[in-house]
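Below is one structure; the comments refer to it alone.
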Amino acid sequence: MAYWLMKSEPEAFGWNDLVRDGKTEWDGVRNHAAANHLRAMAVGDEALFYHSGKGPEAVAVMRVSRAARPDGSDGNWVSVEVVPLAPLPAPVTLKAMKAEPALADLPILRQSRLSVAPVSDAEWKTIQEMAHRAKG
DNA sequence: GCCAACGTTGGC
DNA sequence: GCCAACGTTGGC
């Protein structure tokens with residue numbers, strides 16, 4: 001199973017919206033690198049829901065419930081379906097991630113505009129631990 | 001094929 | 001609100 005991180009502006013579509021809807025089509029990705037990550041997702045993979053914009057932070061975990069398929073737009077863009085799993089015990093802020101040496105290679109820290117990115121097993125574990133620690 | 005101009009995203 | 005990073009477009 002692979003891990004991912006997916007960004008959305010909460011004003012447009014946030015974690016609460018996903019919980020309310022029960023599932024969502026993760027579409028609108030118009031960046032080839034990010035789209036390739038969507039294509040690499042398998043059902044059962046888990047992804048951090050990351051709120052971009054003001055006070056950027058990872059807030060929850062969701063699960064990929066359907067692999068990538070064409071999203072119906074022009075071109076070869078794809079979407080996946082995701083379902084909510086659970087909120088993190090406490091949000092993990094971008095600031096905290098930047099301050100954590102174990103996350104130095106996290107793709108979103110190296111390329112802030114990448115909206116869908118892989119997270120390694122070790123990085124995932126680190127972020128989970130940070131979330132538990134932040135809860136206190 | 002190169003590069004300047006422009007638009008978008010996202011952090012601060 | 002501003003700016004940096006990045007991608008795309010269009011002129012040459």
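Here is the naming used below: chain letters follow the sequence lines, and residue numbers restart at 1 for every chain. Atom set for the values below is all heavy atoms of this structure, side chains included, hydrogens, waters and symmetry mates excluded.
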* Tell me: CG of A:Leu5 to P of B:dG10, nearest whole Å? -> 11 Å

* Look at the side chain of A:His32 and decide which nucleotide, out of B:dG11, C:dC6, C:dT8, has an atom nearest to it. => C:dT8

* Flag, side chain of A:Glu100 to backbone of A:Ala102, donor-acceptor distance under 3.5 Å -> yes

* Separation of A:Ile108 atom CD1 from C:dA4 atom P, in whole Å? -> 21 Å

* To do: Output the single nucleotide from B:dG10, C:dA5, B:dG11 whose closest atom is nearest the side chain of A:Arg113.
  => C:dA5

* Structure fact -> To the nearest angstrom, the CZ-P distance between A:Arg110 and B:dT9 comes to 24 Å

* **Nearest-angstrom distance from the residue atom CE of A:Met6 to P of B:dG10** => 13 Å

* Phosphate oxygens OP1/OP2 of B:dG11: is one of them under 4.0 Å from a side-chain N or O of A:Lys7? -> yes

* To do: For A:Leu114, report the nucleic acid contact type (base, sugar-phosphate, nothing); a contact means any heavy atom under 4.0 Å.
  => nothing

* Please determine, for the side chain of A:Leu94, which listed nucleotide (B:dC12, C:dC6, B:dG10) has the closest atom? => B:dC12

* To do: Assign A:Lys54 to base, sugar-phosphate, or nothing according to its heavy-atom contacts below 4.0 angstrom with the strands shown.
  => nothing

* **A:Glu57 CD - B:dG11 P separation (whole Å)** => 11 Å

* To do: Have a look at A:Lys98 and say if it touches a base, only the backbone sugar-phosphate, or nothing, with a 4.0 Å heavy-atom cut-off.
  => sugar-phosphate

* Structure fact -> To the nearest angstrom, the NE2-C1' distance between A:His51 and B:dC12 comes to 19 Å

* Does A:Tyr50 make a side-chain N or O approach to OP1 or OP2 of B:dG11 shorter than 4.0 Å? -> yes

* To the nearest Å, give me how far apart CD (A:Glu9) and P (B:dG10) are. => 6 Å

* Polar side-chain atom of A:Asn36 near backbone of A:Ala33 as donor-acceptor pair, under 3.5 Å -> no

* Classify the side-chain pair A:Glu9/A:Ser52 by whether it contains a donor and acceptor separated by less than 3.5 Å. => no

* Is a donor on one side and an acceptor on the other found under 3.5 Å between the side chain of A:Asp45 and the backbone of A:Ala2? -> yes

* Heavy-atom side-chain proximity of A:Leu114 to A:Asn31 below 4.5 angstrom -> yes

